[in-house]
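Contents: one structure, followed by commentary.
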Amino acid sequence: MENEARKAAETVSAVLKKLAAEWGLETADPADPVPGTPPQEDMGDVAFPMFVYAKQLRKSPVEIARAVASAVAADAGYRAVAAGPYVNLFYNLAELAQRAVASADDAAFGTVADRKGQKIMIEFSCPNTNKPLHLGHMRNDSLGESVSRILKAAGADICKVNLINDRGVHICKSMLAYKEFGKGMTPEEAGVKSDRFVGDYYVKFDQWSKTDPTAMERVRRMLVDWENGDEEVRALWKQMNGWAVSGIKETYRRTDVSFDRFYFESETYLKGKNDILRGLEEGLFYKESDGSVWVDLAEIGLDKKVLLRADGTSLYITQDLGTAVSRHGDWPFDRLIYVVASEQQYHFKVLFYVLRKLGYEWAENLFHLSYGMVNLPEGKMKSREGTVVDADDLLNELALMAKTEMESKEKSSGVEDVNDTAEKIALGALNYFLLSKSPTKDMIFNPKESLSFNGETGPYLQYTATRITSILAKYEERKGEFEGIPFCPEKLSSDEERKLIKMILSYPDQVSKASAEMNPSVLTAYLYDLAKTFSQFYHDYPVLNCDDKETALARLKLVRSVLEVMKKAFYLVGIPYLKKM
RNA sequence: GCAACCAUAGCUCAGCCGGAUAGAGCAACUGCCUUCUAAGCAGUAGGUCGCAGGUUCGAAUCCUGCUGGUUGUACCA
């Protein structure tokens, strides 16, 4: 639809120049008109405000609008009206309808070329192996997965990576607690999902360490043993990490999140040191008297930062430096996107600066996709106080709600697999909830209210799609009635139909916008608007039951295109499509 | 202290590279199922867009200041 707007703008621009000349103001050179959207459907398809030209053309905006509207209509064949100081144009609807309907058969519709040729690596999720995923991780996972799909639809070559935090003091805590209290139990024996099993010992450590002051010291010793490659500690570490990672991967499968590469911190935590030492030699960094290495951040308006400890060991930022460098070696990206909470803005600012300083050209194209926290109505989620919302528990609860609702409405007999359908409704509800808000902002999750299936939610969208699917199924049964009926685009003339046609054609623009902003909420908002418009149409106008067969067929084709677009957009924001619910 | 982000209806949020009457959903109240799925549709009510200036024909949107909130500013990750 942007092409239409551009064309209209060019027409208006030409007319403005012509009018300027006619009025004896050849030197005026009016600025390019900016297309907008009229507030109401029946007012027109594109709007151009005429205020800006008033001074130049020495006439009131209202007079200019009147002159432009009639000239546009005469010169270019647009239907054009002056509405006060605005010029509103109408597109050729029949032609748009043709194209909207054809889009349903075009598999490439909605794939754009904005990022063609770009190799983008995107890092997200990055869980710790000492506890199961919670709602905070889910926002990260949803965002990362959705943005990956959007960038791919915009033509990029994508590599999704996950860095598993599988070492450090926090990992040793659950290990030590297991060693102390676990009695060699396995998750299978305990009948607990394996990542939860590990997480329970992490919680246990916290309680234990409050009564036993030696606990913390023993954890520190364990970490030293781990670093020295102590066989017993390493064996325990492997076993517990295996449990944690397999449980986490199960949740990924459940939420349809996937990765092209996994990195493990235990394999990358020593990286980066050489780069720092090289930088020191080149005079980019400096050494303190105690032997620690620092970078001065005055250039970017910050203080200074340690890059290597006095004893030569590395820090979080050191290994992040090394990891970025080795990743670029593994898969030479044009762009690397880190999907990480906004708390770490400072860290990434410093990281990117240091990489640039080290002379890596690709460091210009690193991007921190920063997102806000998920809070509860009472405030932050705190694992120690047990207020974290566990990912699996939440999905289970949602799926149960969906199932209960289906049963109470006696719909469960109509669907193929009730549990599978319930699971997909749960996922749709959750992904819509997590992605429909601006990524940068913190969000509040209210367990009682946020889980609704009514109103502006994922299930509403899924429900809309099932209604269309149902019409299409009925059409297949009654196909004979429509034999030989031609497609008559002019039969689609209601406000709702006009709006649907334009919305279908604007889908590629929405993908472009979502890609440019790296913001899935562009698409959730679009989907809601599309579904809402369809529902209004559906309520007021019969499709197959319409007496006039030509109208029926035209509506059927329109509705089919709406469904196809919905399915494509569903995929990009992780909402499963259902034939029935 | 400094820095970044945020402030829109009772609640959760859109809108923010300036344009026509600031939009949804939830909660409250009212209608609509013998016709393609009522997880729906329609309606009522609810707003000094944090405050004060500025720029502009025009500001929720841009600029400045202020107030309030969140986060960060570690030889933790």
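To find a chain, count down the sequence lines: A is the first, B the second, and so on, and within it residues start at 1.
- You'll find that the side chain of Tyr528(A) is closest to G25(B), out of G25(B), C57(B), U37(B).
- Counting only distance, with no hydrogens or angles, the side chain of Tyr526(A) and the backbone of Met503(A) share a donor-acceptor pair below 3.5 Å.
- Counting distance only, with no hydrogens placed and no angle test, the side-chain atoms of Asn454(A) and the base atoms of A27(B) include no donor-acceptor pair under 3.5 Å.
- Contact annotation for Tyr346(A): backbone-only contact, meaning every heavy-atom pair under 4.0 Å involves sugar-phosphate atoms and none involves a base.
- Comparing Ile444(A) and Val46(A) by the nucleotide of RNA chain B whose heavy atom lies nearest to each, the residue mapping closer to the 5' end is Ile444(A).
- Of all nucleotides listed (G40(B), G72(B), C36(B)), C36(B) comes nearest to the side chain of Ser470(A).
- Of the candidates G40(B), U21(B), C6(B), G40(B) carries the atom nearest the Tyr460(A) side chain, counting heavy atoms from C-beta on.
- The residue Gln319(A) sits close only to the backbone: its heavy atoms come under 4.0 Å of sugar-phosphate atoms, none of a base.
- Lys502(A) pairs in a salt bridge (Lys or Arg N to Asp or Glu O under 4.0 Å) with only one of the listed residues (Glu496(A), Glu41(A), Glu2(A), Glu497(A)), which is Glu41(A).
- Distance NZ (Lys173(A)) to P (A77(B)): 13 Å, rounded to an integer number of Å.
- A14(B) and A24(B) have their C1' atoms separated by 7 Å, with the value rounded to a whole Å.
- Taking side-chain N and O atoms only, Arg167(A) has no distance below 4.0 Å to OP1 or OP2 of C76(B).
- One C1' atom belongs to U34(B), the other to A38(B), and the distance between them is 15 Å to the nearest Å.
- Taking the nucleotide of RNA chain B with the nearest heavy atom to each of Pro49(A) and Lys580(A), the more 5' of the two is matched to Pro49(A).
- In this structure, Lys409(A) atom NZ and C33(B) atom C1' are separated by 13 Å, rounded to whole Å.
- Residues Phe124(A) and Leu369(A) form no side-chain contact, since every pair of their non-hydrogen atoms from C-beta on lies 4.5 Å or further apart.
- Residue contacts for Lys380(A): at a heavy-atom cut-off of 4.0 Å it reaches the sugar-phosphate backbone alone, with no base atom in range.
- Look at C76(B): it lacks any Watson-Crick or wobble partner with both distances under 3.5 angstrom.
- Pair assignment for G53(B): C63(B), on the basis of Watson-Crick or G-U wobble contacts that are both within less than 3.5 Å.
- Ion pairing between Asp509(A) and Lys513(A) fails under the 4.0 Å rule for side-chain N and carboxylate O.
- When the P atom is used for both G10(B) and G47(B), the distance is 6 Å, rounded to whole Å.
- The gap from the P atom of C51(B) to that of U56(B) amounts to 23 Å, rounded to the nearest Å.
- Backbone-only engagement by Ser438(A) is indicated by non-hydrogen atom pairs under 4.0 Å involving sugar-phosphate atoms exclusively.
- Of the candidate nucleotides A20(B), G40(B), A39(B), G40(B) has the atom nearest to the side chain of Arg467(A).
- The side chain of Tyr463(A) contributes an N or O atom lying less than 4.0 Å from OP1 or OP2 of A39(B).
- Across all strands, Tyr541(A) comes closer than 4.0 Å to base atoms (heavy-atom distances).
- Using a 4.0 Å heavy-atom cutoff across all strands shown, Phe51(A) reaches at least one base atom of the nucleic acid.
- The side chain of Lys55(A) has C57(B) as its nearest neighbour among C57(B), U37(B), C36(B).
- When both pairing distances are held under 3.5 Å, U48(B) makes no Watson-Crick or G-U pair with any nucleotide shown.
- Distance from the side chain of Asn545(A) is smallest to U35(B) among U35(B), A14(B), C13(B).
- With C75(B), A39(B), A24(B) as the choices, the nucleotide that has an atom nearest any side-chain atom of Glu456(A) turns out to be A24(B).
- Ring-centre distance between Tyr475(A) and Phe482(A): below the 6.0 Å cut-off.
- Per the geometry, CD1 belonging to Ile64(A) stands 14 Å off P belonging to C57(B), to the nearest Å.
- Among the atoms of the strands shown, base atoms are found under 4.0 Å from some heavy atom of Asn88(A).
- Between U61(B) and G53(B), the two P atoms lie 14 Å apart (nearest whole Å).
- As rounded to whole Å, 12 Å separates atom C1' of C32(B) from atom CG of Asp540(A).
- Using a 4.0 Å heavy-atom criterion, one finds that Leu308(A) contacts no nucleic acid atom at all.
- Within the 4.0 angstrom heavy-atom criterion, base atoms lie near Pro38(A).
- Looking at heavy-atom distances under 4.0 Å, Ser452(A) makes no contact with the nucleic acid at all.
- Between C62(B) and U8(B), the distance separating the two P atoms is 15 Å to the nearest Å.
- Pairing of U70(B), defined by two Watson-Crick or G-U wobble distances under 3.5 Å, is identified with A4(B).
- Among the heavy atoms of the strands lying under 4.0 Å from Leu544(A) is at least one base atom, whether or not backbone atoms are also near.
- Remark: the Thr129(A) side chain and the Asp166(A) side chain contain no N/O donor-acceptor pair separated by less than 3.5 Å.
- A donor atom on one side chain and an acceptor atom on the other are not found under 3.5 Å apart for Tyr528(A) and Ser436(A).
- Cation-pi geometry between Arg167(A) and Tyr269(A) is met: under 6.0 angstrom from the ring centre, within 45 degrees of the axis.
- Taking the six-membered ring where tryptophan is involved, the planes of His347(A) and Tyr316(A) are essentially parallel, since the angle between them stays under 30° and well short of 60°.
- Here C16(B) is the nucleotide among C16(B), C36(B), U71(B) with the atom lying nearest to any side-chain atom of Lys441(A).
- Residue Ala341(A) is out of contact with every strand shown, counting any heavy-atom pair closer than 4.0 Å.
- Within 90° of 0 lies the glycosidic angle of C33(B), which makes this nucleotide syn.
- At the heavy-atom level, Gln536(A) lies under 4.0 Å from the strands shown only through sugar-phosphate atoms.
- Of the candidate nucleotides A39(B), G25(B), U70(B), G25(B) has the atom nearest to the side chain of Lys532(A).
- Rounded to an integer number of Å, the gap from NZ of Lys411(A) to P of A38(B) is 7 Å.
- One P atom belongs to A4(B), the other to U64(B), and the distance between them is 11 Å to the nearest Å.
- Backbone-only engagement by Lys437(A) is indicated by non-hydrogen atom pairs under 4.0 Å involving sugar-phosphate atoms exclusively.
- Following rounding to the nearest Å, Asp548(A) (CG) and C36(B) (P) show an atom-to-atom distance of 20 Å.
- To the nearest angstrom, C1' of C13(B) lies 13 Å from CG of Asp442(A).
- Of the nucleotides present, none pairs with C33(B) by Watson-Crick or G-U wobble criteria with both distances under 3.5 Å.
- Using atom C1' as the reference point in both A52(B) and A59(B), the two lie 15 Å apart (nearest Å).
- For Met43(A), counting side-chain heavy atoms from C-beta on, the closest listed nucleotide (U12(B), C75(B), A20(B)) is A20(B).
- Here Lys567(A) pairs with Glu564(A) in a salt bridge; the nearest charged N to carboxylate O distance falls below 4.0 Å.
- Rounding to whole angstrom units, CG of residue Asp303(A) and C1' of C75(B) are separated by 14 Å.
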